[in-house]
Amino acid sequence: MSSARLYDIVVFGATGFTGQLVVRHLAKAAPAGVRWAVAGRSPDKLAAVLRDVGVDVPIVQADVGDSASLRDMAASTRVVLTTVGPYAQYGAPLVAACVEAGCDYVDITGEPEFVEQMIDQHHATAAAKGLRIVSCCGFDSIPHDLGAYFTVQRFTEPTPIVCRGYVRAAGQASGGTWHSAIEAFSNARRDAARRKQRARPSRPTGRRVRADAMRIFHEPSIGAWAIPLPTIDPVIVRRSAAAMPAFGPDFTYGHYARVNELPVAIAGVAGVGALAALAQLPPAKALLLKARARGEGPSERARAESWFNVRFIAEGGGRRVVTEVAGGDPGYDETSKMIAESALCLVLDRDKLPPHTGVITPAMAMGNALIERLRAQGITFDVVEE
């Protein structure tokens, strides 16, 4: 490891609920010799977190409202890991600081507009510097992005592939995720208008990448109804597919919630629609944001009872491949594990990483090296049928 910088990893937002879980994971999983630190506004609160975890690492004072402190933090480390969201509100200055200082970056955002803005603003410069600026390194979108990548690698010959991911989960979304979702619903119309205005660079790969038709249907092989999930996950998968040859010359991806009973599925769609409508109204939006505080989360016992499972079914070239990615509590325990292992991957596995640089997806940045790390930490990637 290079000693040109003080640290290999700095955890920004270490006093938040997810940030504290990241600290706990690194305290157990970071090999000897990895130089890591914690960062945030309050050294006293950071020190309290370290005492609670029982680890002694350096403290870096940095604030999203102080651009100089962000630049200093980014210049001190090889990778910045941030759990400070909503990222549309707090993330852009930190990404800019990382690109300027020449360090890699990972976050756990699930906010499409933030990710697209970072691509527009920083991809070219980050790529020219050989940096990996990687968003969506939590449950949004690692199981889906790496799961799809894991699946298509079972096809040994280039062929058109149709792949669908079916998601089941039991767990509670974090306070930060709740705030991000409400903000995304609130800004949906504005963001859609911006996307229409945004110039799209032509893909140099020559591959065709498409979204599956948005519809509700019954999938007999899993005995469940499939409900389209309009999250950032399918966007991330398709971006990986456009850049990575393993996805084949013509790739279609659909992303669905897996629901056993049709009435439950219909009720879920109606509920999301109602939430999106309420978020358009400022008074209702304010009440929704107050319902969950950023930085709060469920008890350890509640997290222990949570889980996720994503079944991928892919067809192409006369073959059918079924895989599954599964783990524990998606919103907190596994998300903190995923982002911590992403940072370790960028530091320790440089010779195993794909060649992609810039503002890129988890699969583009880390590929099989991260799959190996997550498997070692108990997140399963299994072939069910091929």
Side-chain angles (χ1 to χ4, degrees), residues 110 112 136 139-156 159-171 173 181 208-242 246-273 275-276 306-331 334 361 363 371 374 379-386:
C136 307
F139 186 64
D140 290 325
S141 297
I142 276 179
H144 319 104
D145 190 32
L146 291 183
Y149 180 54
F150 176 78
T151 303
V152 298
Q153 289 179 91
R154 307 309 108 191
F155 293 87
T156 55
T159 185
I161 298 171
V162 176
C163 179
R164 297 183 177 100
Y166 302 92
V167 184
R168 295 177 64 203
R208 186 175 185 181
V209 177
R210 293 175 285 177
D212 200 21
M214 295 279 282
R215 69 196 192 284
I216 298 175
F217 63 94
H218 189 265
E219 175 52 51
S221 68
I222 58 175
W225 291 88
I227 313 301
L229 279 175
T231 61
I232 195 173
D233 305 312
V235 177
I236 295 298
V237 171
R238 292 195 299 270
R239 186 155 185 253
S240 294
F247 286 86
D250 190 330
F251 179 76
T252 301
Y253 182 71
H255 194 64
Y256 302 92
R258 176 178 171 179
V259 182
N260 290 336
E261 302 294 336
L262 183 58
V264 174
I266 294 172
V269 172
V272 170
L275 193 63
S306 301
W307 52 270
F308 77 88
N309 176 292
V310 188
R311 177 68 64 96
F312 295 90
I313 301 176
E315 297 179 332
R319 294 184 58 211
R320 172 185 166 95
V321 174
V322 181
T323 66
E324 191 168 272
V325 180
D329 169 52
E334 301 296 50
T361 68
I371 291 175
L374 296 177
I379 296 175
T380 60
F381 288 74
D382 293 326
V383 177
V384 178
E385 173 191 334
E386 67 175 325

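Between G165 and F312, the shortest heavy-atom distance links the atoms CA-CD2, 3.9 Å. Contact between G328 and E334 at its shortest, heavy atoms only, is N-OE2, 2.7 Å. Between S141 and D233, the closest heavy-atom pair is OG-OD1, 2.6 Å. V325 and G147 get closest at one heavy-atom pair: CG2-CA, 3.7 Å. In plain terms, the two heavy atoms of N260 and G223 that are nearest each other are OD1-O, 4.0 Å. When all heavy atoms of Y256 and A213 are compared, the pair lying nearest together is OH-O, 3.3 Å.
Considering only heavy atoms from C-beta on, L146 comes within 4.5 Å of F381 through its side chain. Residues P143 and F308 form a side-chain contact, since some pair of their non-hydrogen atoms from C-beta on lies under 4.5 Å apart. Residues W225 and I216 form a side-chain contact, since some pair of their non-hydrogen atoms from C-beta on lies under 4.5 Å apart.
The structure places CH2 of W307 at 4.0 Å from CZ of R168, a figure rounded to the nearest 0.5 Å. Interatomic distance, I227 CD1 to R215 CZ, rounded to the nearest 0.5 Å: 11.5 Å. If you take CZ on R164 and OG1 on T252, they are separated by 8.0 Å, rounding to the nearest 0.5 Å. Taken to the nearest 0.5 Å, the CD atom of E385 stands 11.0 Å off from the OG1 atom of T323.
The closest donor-acceptor contact from the side chain of E324 to the backbone of D382 lies at 3.5 Å or more, if one exists at all. Side-chain N or O atoms of R319 include one that pairs as donor or acceptor with a backbone N or O of R154 at under 3.5 Å.
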Exercise for review: Output, in order, the C-alpha distance, side-chain angles, deciding distance and verdict of side-chain contact (heavy atoms from CB on, under 4.5 Å) for S221 and R320.
Suggested key: CA-CA 12 Å; S221 68; R320 172 185 166 95; 3.2 Å; yes

Practice item. Test side-chain contact (heavy atoms from CB on, under 4.5 Å) on I222 and I313 and set out the steps. Key: CA-CA 10 Å; I222 58 175; I313 301 176; 4.3 Å; yes

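The side-chain contact (heavy atoms from CB on, under 4.5 Å) test with C163 singles out one residue from F155, F247, Y253, and that residue is Y253. In summary, of the residues considered (D145, V237, V235), a side-chain contact (heavy atoms from CB on, under 4.5 Å) with T361 occurs for D145 alone.
The six-membered or imidazole ring of H144 lies near that of F139, with a centre-to-centre distance under 6.0 Å.
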